[in-house]
Amino acid sequence: MSALDTPLPVPAARRGLRADPAVRMLAYAKPAWAWLSVAVLAGVGTLACGIGLLGTAAWLISRAAQQPPIFMLGVAIVAVRAFGIFRGVFRYLERLLSHDAVLRVLARLRVDVYRRLEPLVPGGLPGGVTSRSGDVLNRLLHDVDSVQDLLLRSVVPALTGALVVAGTVVVDAWLLPGAGLVLLACLLVAGVAVPWVTSRAGAAAVRRVAPARGELTADVVDVVHGCSDLLAYGAAQQRLAHLDRADDELTRLSRSSAVSLGLGSGLTTLATGLAVLGSLLVGVPAVRSGRLGEVVLAVVALLPLAAFEAVAPLPGAVQQWGLARAAAGRVFAVLDAPQPVHEPPRPAAVPPPPAVLAVEGLRVHYPGRDEPALDGVDLLVRPGARVAVVGPSGSGKTTLLLSLLRFVEPTAGRITYGGQDLAHCAGDDVRRLVGMCSQDSYLFDTTIRDNLRLARPDATDSDLRDVLARARLDHWLDGLTDGLETRVGSLGAAVSGGERQRLSLARALLADPPILLLDEPTEGLDPEAEAALSADLLAATQGRTTLVVTHRLDGLGDLDEVIVLVRGIVAQRGTHAELAARDGWYLQAWRQQRGELTPLVG
Ligand SMILES: Nc1ncnc2c1ncn2[C@@H]1O[C@H](COP(=O)(O)OP(=O)(O)OP(=O)(O)O)[C@@H](O)[C@H]1O
Ligand SMILES: [Mg+2]
């Protein structure tokens with residue numbers, strides 16, 4: 001089991017400081033703390049070597065100008081070399097340790113966010129998060145990445161800077177107390193006042209950057225996915241103009257945060273100059289009065305230059321904190337989203353098939369809806385039985401299938417398999433028992449082979465050909481020059497709608513789940529293709545426990561039971577023959593469909 005298999009505990013949302021997303025992210029990154037502390041010490045070492053290098057070099061140059069015997073310079077020469085070498089070594093250690101620790105946390109966070117998103121997506125992301133795929137993608141990529149900036153570009157430089165500044169001021173004050181005071185004052189201006197001013201100036205922009213980037217990505221993904229519809233309706237220009245506006249907004253925000261950062265960098269340079277000038281103003285009279293050696297004056301004047309190396313990154317660090325804080329808030333919105341389905345802490349085993357699947361008094365009430373989507377549904381599916389679920393749009397058919405897959409939590413009632421309540425089993429185990437082929441199954445932009453093998457990675461080519469034949473795609477496959485190596489295009493764009501549905505069916509057959517759910521598998525096809533696929537589907541599912549949601553009523557004669565859902569209630573149930581002979585929704589729909597089909601048949 002790899003480290004990534006165990007999610008890190010997500011710190012609970014609390015009040016006060018602990019509610020701050022950046023602080024919560026720091027708590028989440030706890031496993032990285034130890035190595036980050038070592039990295040901070042290495043960072044202090046780097047800067048201390050830099051300061052030591054400049055200080056000793058300044059002393060060496062001024063002392064050498066007095067032309068003393070060479071042995072008097074020996075120690076300083078060795079010190080300059082040592083500082084130069086160790087500066088590089090410390091810098092390398094700091095980068096290596098901090099990045100290693102942070103990238104480990106980042107990998108865990110990405111997995112945790114993905115794990116959290118996975119069960120949320122089928123039932124719809126909660127309103128507080130988003131329903132736009134581009135924005136979700138952005139949270140998973142950019143927003144998670146910004147945690148790296150929080151630690152590497154904000155916390156580490158701030159801690160390193162604070163330690164180095166304290167050390168330098170002490171040394172400077174020891175050499176000449178007045179110069180120490182001047183340095184302290186200038187460092188406080190550059191390290192506290194300047195970052196505060198620049199963060200104030202750019203605060204609004206910094207807060208808006210992460211959501212603006214999310215919107216832009218979501219817009220781009222929408223435009224790319226809906227490209228053919230936009231072109232067909234002549235709406236492409238309008239959407240592109242909208243994209244342009246979103247892009248301009250992001251550019252404007254980035255520019256205004258860059259301006260405040262530039263302001264910070266200018267003010268820091270000014271403070272550096274003032275510190276050098278101030279040190280000279282205090283140092284020169286001290287040399288004149290004999291309180292300071294003339295050689296040490298060079299050290300006092302140049303120390304500030306090195307010390308400011310430690311505070312220069314601070315305005316950027318404060319800005320990074322703001323950016324990362326906004327991004328962390330978006331990541332926690334996903335991590336905190338209530339899970340739609342409760343996972344039992346100690347899951348029970350799913351009984352081995354074959355067994356009876358029973359739905360008892362199932363009620364599902366989506367939050368924010370007046371009426372329940374399902375209200376007291378009972379259903380018994382024996383091994384090998386095929387049951388059709390029909391009914392008007394919005395009557396709860398898909399909801400019933402999603403409950404069987406444990407993507408939706410029942411409000412009341414239960415679903416059992418072999419007597420075991422599936423609510424006590426792990427969602428993933430249930431989804432190994434129950435497999436679904438939905439109306440909008442996703443095809444990846446890769447080969448037919450890879451798309452099918454998602455369902456069973458160890459399937460051989462002959463297994464693939466077998467399921468393709470059962471989905472009646474064998475002739476189509478024979479006509480492809482590249483055979484199983486043929487690419488299906490983005491979202492299956494390089495295959496027809498019917499072929500796409502059949503490929504999804506072949507994939508579901510390859511997965512070979514003990515219970516197969518089909519949700520409107522013929523939706524969106526022309527009547528002829530629909531009739532052909534329906535017939536093939538029924539043939540392919542012969543003898544397999546199947547629940548099929550369909551609006552096509554012809555061909556249901558072979559099925560064991562048909563249930564009619566109307567507004568979440570089982571309005572009718574029986575075989576096709578029984579229902580077609582009784583007054584009710586089924587007979588009406590059946591008549592209507594036969595009426596529509598007559599001209600095609602005749
Ligand atoms: N994630 C959701 N949040 C809130 N309400 C939902 C959600 N999903 C579905 N609903 C509502 O629940 C009801 C049943 O929806 P469901 O998708 O199960 O219907 P359906 O019978 O599959 O319809 P169709 O034939 O159009 O596919 C509808 O009123 C729908 O608006
Ligand atoms: Mg549906």
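Only heavy atoms go into these numbers, but all of them, side chains included; no hydrogens, no water, no symmetry mates. The model shown is predicted, which means the values in this text are computed figures rather than measured ones. Whatever order the structure lists ligands and atoms in, that order sets their numbers, starting from 1.
A salt bridge does not link Asp482 with Arg449: none of the charged nitrogens is closer than 4.0 Å to a carboxylate oxygen. Contact check on Arg110 versus Asp145 returns a salt bridge, with a Lys/Arg side-chain nitrogen under 4.0 Å from an Asp/Glu carboxylate oxygen. Taking a cutoff of 4.0 Å between a charged side-chain nitrogen and a carboxylate oxygen, Arg465 and Asp474 do not qualify as a salt bridge.
Contact annotation: for Arg369 versus ligand 1, heavy atoms closer than 4.0 Å belong to the side chain alone.
Atoms of ligand 1 found under 4.0 Å from any heavy atom of Thr398, numbered from 1 in the order shown, are 17 (O), 18 (O), 20 (P), 22 (O), 27 (O). Close contacts between ligand 1 and Thr399 involve ligand atoms 14 (C), 15 (O), 16 (P), 18 (O) [criterion: under 4.0 Å to a heavy atom].
Under 3.5 Å, the side chains of Thr460 and Asp463 contain a donor-acceptor pair of N or O atoms.
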Show the numbers, then the answer: is there a side chain to side chain donor-acceptor pair (under 3.5 Å) between Tyr442 and Ser504? CA-CA 8 Å; Tyr442 194 90; Ser504 311; over 6 Å; no
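In Glu343, the CD atom is crowded: over 12 heavy atoms of neighbouring residues, nucleotides or ligands sit closer than 6.0 Å.
The shortest distance between side-chain heavy atoms of Arg544 and Pro513 falls below 4.5 Å.
The nearest pair of heavy atoms linking Asp560 to Arg386 is OD2-N, 2.7 Å. Across Ala328 and Ala22, no two heavy atoms sit closer than the pair CB-N, 4.4 Å.
Of the polar atoms of Pro367, none of the N or O atoms is found under 3.5 Å from an N or O of ligand 1, judged by distance alone. Considering backbone and side-chain atoms alike, Gly396 places an N or O below 3.5 Å from some N or O of ligand 1.
Protein N/O/S atoms found under 2.8 Å from the Mg ion (ligand 2): Thr398 OG1.
If you check each of Lys397, Arg567, His551 against atom 21 (O) of ligand 1, the one with the closest non-hydrogen atom is Lys397.
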